**Student:** 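Have a look at this one.
Ligands are counted one by one from 1 in listed order, and the atoms in each one are counted from 1 as well. Just so it is clear, the values below take in all heavy atoms, side chains as well, and ignore hydrogens, waters and symmetry mates. All values reported here derive from a predicted model rather than from experimental measurement. Residue indices begin at 1 and follow the sequence shown.
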Amino acid sequence: MQAKLSDLGMRQRPSDITRLMTFALEQPNMLSLAAGFTDNESLPIEDVREIVEEIADSGAMGKTTLQYGANKGRDRLRSLLAKRIRSFDTIDESHLDEKNLFISNGSQQALYLAIQTLCDPGDFVLVEQPTYFVFLEILQGFGVNALAMPMREDGEIDLAGLERLLSQFESEGNLDKVKALYLVSYFSNPSGHCVSEKVKSDIGSLLSRQKEPIAVIEDAAYRELYYENPFDSRSGLALESFNHLPVLYTSTLTKPYASGLKVGYSYCSDTNWLNSMLNVKGQQDFGTANFAQAIVEHALASGRFDAHLNSLRGLYKSKMLTLHESLGESLKSLGWKWEEPAGGLYLWLKSPNGMRTDGESPFHSSCIENGVFYVPGNLCFPGNEDRSRIRLSFGSLNLEDIREAALRFVAAAASMTDSAIA
Ligand SMILES: Cc1ncc(COP(=O)(O)O)c(C=O)c1O
């Protein structure tokens with residue numbers, strides 16, 4: 001006899017990427033440019049060894065790190081992170097009070113809590129095209145519709161188009177079903193794009209004019225992973241046009257420090273929404289692992305976090321350039337297009353003449369035959385519309401493997417062009 005699942009249970013389906021990766025990993029000698037993993041070699045194991053020793057030597061206080069902690073997270077960590085956001089956004093405590101900041105099991109948990117507490121099945125969440133594909137999976141899991149925002153050629157949101165879309169929902173009496181707008185605002189996964197402060201500010205004004213509250217979820221997971229300079233745009237938390245909107249700002253200590261510690265953090269400007277998320281978090285885990293939080297807290301307070309992050313910036317820049325240059329002119333001459341990002345972990349490619357790159361395409365099979373694996377870009381579009389895009393991640397492979405993976409990718413691309421000509 002099989003368990004009788006809930007509607008939510010029955011809606012769940014294996015994520016496309018997990019399916020594809022399981023398949024790819026079964027292939028011997030596969031080089032994966034797919035997973036958004038961080039660099040293996042540089043993981044800060046020596047930092048963590050020292051920190052654990054310091055914690056162990058700190059007596060009773062140290063011992064409590066192995067005890068359950070508060071649902072919202074460790075006070076000192078929350079205070080350090082609130083200070084960090086204030087300094088990025090040049091705002092003071094009156095703008096950003098740490099009582100509205102909580103720690104989660106990665107920022108992924110915060111995204112899940114946000115949708116769980118805002119949306120019912122059949123509701124809508126506005127998303128960029130492309131967007132973070134695991135967020136699309138959360139929406140699908142809750143039976144919530146991802147509503148694609150019209151985009152401009154330069155990758156920014158088309159505000160006039162968005163306004164028309166919202167008016168259409170209003171005239172159909174469905175505006176109350178549009179619950180949130182999700183933005184991956186810094187060095188986006190997958191496109192590397194950053195949302196300018198002007199566009200962000202205009203989004204705030206547009207949403208503030210609506211008759212129904214539409215929350216903003218600003219996902220700043222890659223904000224600190226710039227290569228040379230931070231992207232010059234404050235978050236929505238600092239913008240006047242966001243003052244009267246419910247805003248959730250999420251970020252993470254995984255990508256810029258140690259993904260295995262899985263500590264994320266969020267600031268929510270709306271106390272009612274925040275309390276609801278915390279109540280659900282209380283039911284899910286009543287607190288993120290206290291020990292993992294204590295480690296990142298020590299790393300932040302001692303300056304180790306920033307020292308490590310600084311070294312990662314140069315490292316990811318060199319990895320990005322290695323992939324970019326190894327794909328190089330040979331791929332460009334075949335008609336492929338991409339831009340060099342200024343931060344993050346991904347290159348976002350467009351195939352020539354709209355050639356299909358999705359998981360069922362001949363190009364995808366050709367890459368697998370050549371021993372290289374990527375994320376089909378269609379997974380990053382609500383409705384899978386654009387089948388000519390590819391996300392390549394340079395986070396986890398070493399430089400030599402990146403070069404080899406690029407050679408294999410170019411060989412697959414060349415063979416497809418040859419067969420297209422033949
Ligand atoms: C855009 C974006 N948001 C959120 C996350 C979740 O990261 P974590 O749960 O490690 O904080 C990721 C992870 O890849 C991401 O790419």
**Student:** Is the shortest N/O to N/O distance between N105 and ligand 1 below 3.5 Å?
**Tutor:**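 No - when backbone and side-chain N and O of N105 are compared with those of ligand 1, no distance drops under 3.5 Å.
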**Student:** Regarding atom 11 (O) of ligand 1: of the candidates T38, N189, T252, which has the closest heavy atom?
**Tutor:**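 It is T252 that holds the nearest heavy atom.
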**Student:** Checking contacts here: is it the side chain or the backbone of A221 that comes within 4.0 Å of ligand 1, counting heavy atoms only? Could be both or neither.
**Tutor:** side chain
**Student:** Answer yes or no for F135: is there a heavy-atom contact with ligand 1 below 4.0 Å?
**Tutor:**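 For ligand 1, residue contact (heavy atoms, under 4.0 Å) with F135 is absent.
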**Student:** Which ligand 1 atoms are under 4.0 Å away from a heavy-atom of K262?
**Tutor:**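 Those atoms are 8 (P), 9 (O), 10 (O).
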**Student:** For ligand 1, is Q109 a contact, meaning one of its heavy atoms is under 4.0 Å away?
**Tutor:** no
**Student:** Students often mix this up, so state it plainly: with edges at 30° and 60°, are the rings of Y346 and Y222 parallel, tilted or perpendicular?
**Tutor:** perpendicular
**Student:** Looking only at distance, does Q108 have an N or O less than 3.5 Å from an N or O of ligand 1?
**Tutor:**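 Yes.
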**Student:** Measuring from atom 5 (C) of ligand 1, which candidate in Y265, Y112, Y132 has the nearest non-hydrogen atom?
**Tutor:**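 Result: the heavy atom closest to atom 5 (C) of ligand 1 is in Y132.
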**Student:** If you measure every N/O of T254 against every N/O of ligand 1, is any gap under 3.5 Å?
**Tutor:**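 Among all N and O atoms of T254, at least one is under 3.5 Å from an N or O of ligand 1.
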**Student:** Got a sec: does the CG of N29 have more than 12 other heavy atoms crowding it under 6.0 Å?
**Tutor:** no
**Student:** Give a yes or no on whether D92 atom CG has more than 12 heavy-atom contacts from other residues, nucleotides or ligands under 6.0 Å away.
**Tutor:**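 Atom CG in D92 is crowded, with more than 12 foreign heavy atoms closer than 6.0 Å.
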**Student:** Where does the angle between the aromatic ring planes of H364 and Y374 fall among parallel (under 30°), tilted (30 to 60°) and perpendicular (over 60°)?
**Tutor:**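 Rings of H364 and Y374: perpendicular, over 60°.
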